[in-house]
Amino acid sequence: MTLDLAFDLVVFLFLGSSVLSLVRVIMGPTSADRLIGLNIVAAQILAILVLVAVKEGLHVYLDVALVYDIFGFVGLLAITRFFGKKGDL
Amino acid sequence: MTETLLTLHIVLALLVLFSRNLLTAVIFLAVYSLFSSLLFFILHAPDVALTEAAIGAGISTFLYVWVIRKTRDGVAS
């Protein structure tokens, strides 16, 4: 009972924190600020995924967090690779 | 929680549509895909969330950035 309440509270706190971090993604002056904001939001959403997986207690739910971590890193690496050649795309 | 995620979906989709810089649009699309994956996850569809996380966040971002880079180097510039 108390543990469920704590899980819900932490998930809502992470969601609110990621919405606040979304401000930097939306109104960042340069593309580098938006990239850093994307990184922060992705880390917080990953924490939400792992928390919900632990709360539900199913192994399939944890695979989503793993796959998002790998492929999100690949996408971020692609953006930085093509972004760093000329300064801006 | 679902209502918050759906509102974020609308806001992010409008940002993707109306942003002038192409790299900014791709980053917004990556954030949109991330929140879409979380929405599928919250609604108890982990396989759809898995596919969205793999295709939408990884492959799609990589492909869009690659194609933008190729077209900027080629005909457009």
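- Interface summary for chain B: among A:Ile48, A:Ile26, A:Leu22, the most heavy-atom pairs under 4.5 angstrom belong to A:Ile26.
- Residues B:Met1 and A:Val11 approach most closely at CE-CG1, 3.4 Å, considering heavy atoms.
- If you tally non-hydrogen atom pairs under 4.5 Å between each of B:Leu34, B:Leu63, B:Ile42 and chain A, the highest count goes to B:Leu34.
- When each of B:Ala54, B:Ser19, B:Ala30, B:Ala57 is scored by its heavy-atom pairs under 4.5 Å with chain A, the top score falls to B:Ala54.
- Chosen from B:Thr61, B:Leu50, B:Leu15, the residue pairing most often with chain A at heavy-atom distances under 4.5 Å is B:Leu50.
- Annotation: residues 65-73 of chain A contacts chain B through A:Val67, A:Tyr68, A:Phe71 [non-hydrogen atoms, separation under 4.5 Å].
- The most heavy-atom pairs under 4.5 Å with chain A, out of B:Ile55, B:Ile27, B:Ile59, B:Val26, come from B:Ile27.
- Grouping the Ile, Leu, Val, Met, Phe, Trp and Tyr side chains by contacts below 4.5 angstrom, directly or via other members, places A:Ile40 apart from A:Leu38.
- For the set A:Asp63, A:Val19, A:Leu15, the entry with the most heavy-atom pairs within less than 4.5 Å of chain B is A:Leu15.
- B:Leu6 and A:Ile45 fall within the same hydrophobic cluster, where Ile, Leu, Val, Met, Phe, Trp and Tyr residues are linked whenever their side-chain heavy atoms come under 4.5 Å apart, directly or through other members.
- Contact count versus chain B (heavy atoms, under 4.5 Å) is highest, among A:Val74, A:Leu46, A:Val52, A:Val60, for A:Val52.
- Placement of A:Leu20 and B:Tyr32 in two distinct hydrophobic clusters is found when ILVMFWY residues are connected by side-chain heavy-atom separations under 4.5 Å, directly or transitively.
- Contacts with chain A were tallied for B:Phe62, B:Trp66, B:Phe41; B:Phe41 has the most, counting heavy-atom pairs under 4.5 Å.
- Heavy-atom neighbours of B:Tyr64 OH from other residues, nucleotides or ligands within 6.0 Å: at or below the threshold of 12.
- Clustering ILVMFWY residues whenever any of their side-chain heavy atoms sit less than 4.5 angstrom apart, transitively, puts A:Ile36 in a cluster other than the one holding A:Leu76.
- The part of B:Thr4 that comes within reach of chain A is its side chain, from C-beta onward, which places non-hydrogen atoms under 4.5 angstrom from that chain.
- Follow the hydrophobic side-chain contacts under 4.5 Å out from B:Leu5 and you never reach A:Leu9; the two are in separate clusters.
- Residues A:Val25 and B:Phe28 share a closest heavy-atom pair of O-CE2, 3.4 Å.
- Of all heavy-atom pairs between A:Val64 and B:Ala49, the closest is CG1-CB, 3.9 Å.
- One distance of note links CG of B:Leu38 with OG of A:Ser18; it measures 8.0 Å at 0.5 Å rounding.
- Neither the backbone nor the side chain of B:Phe40 comes within contact range of chain A, judged by heavy atoms closer than 4.5 Å.
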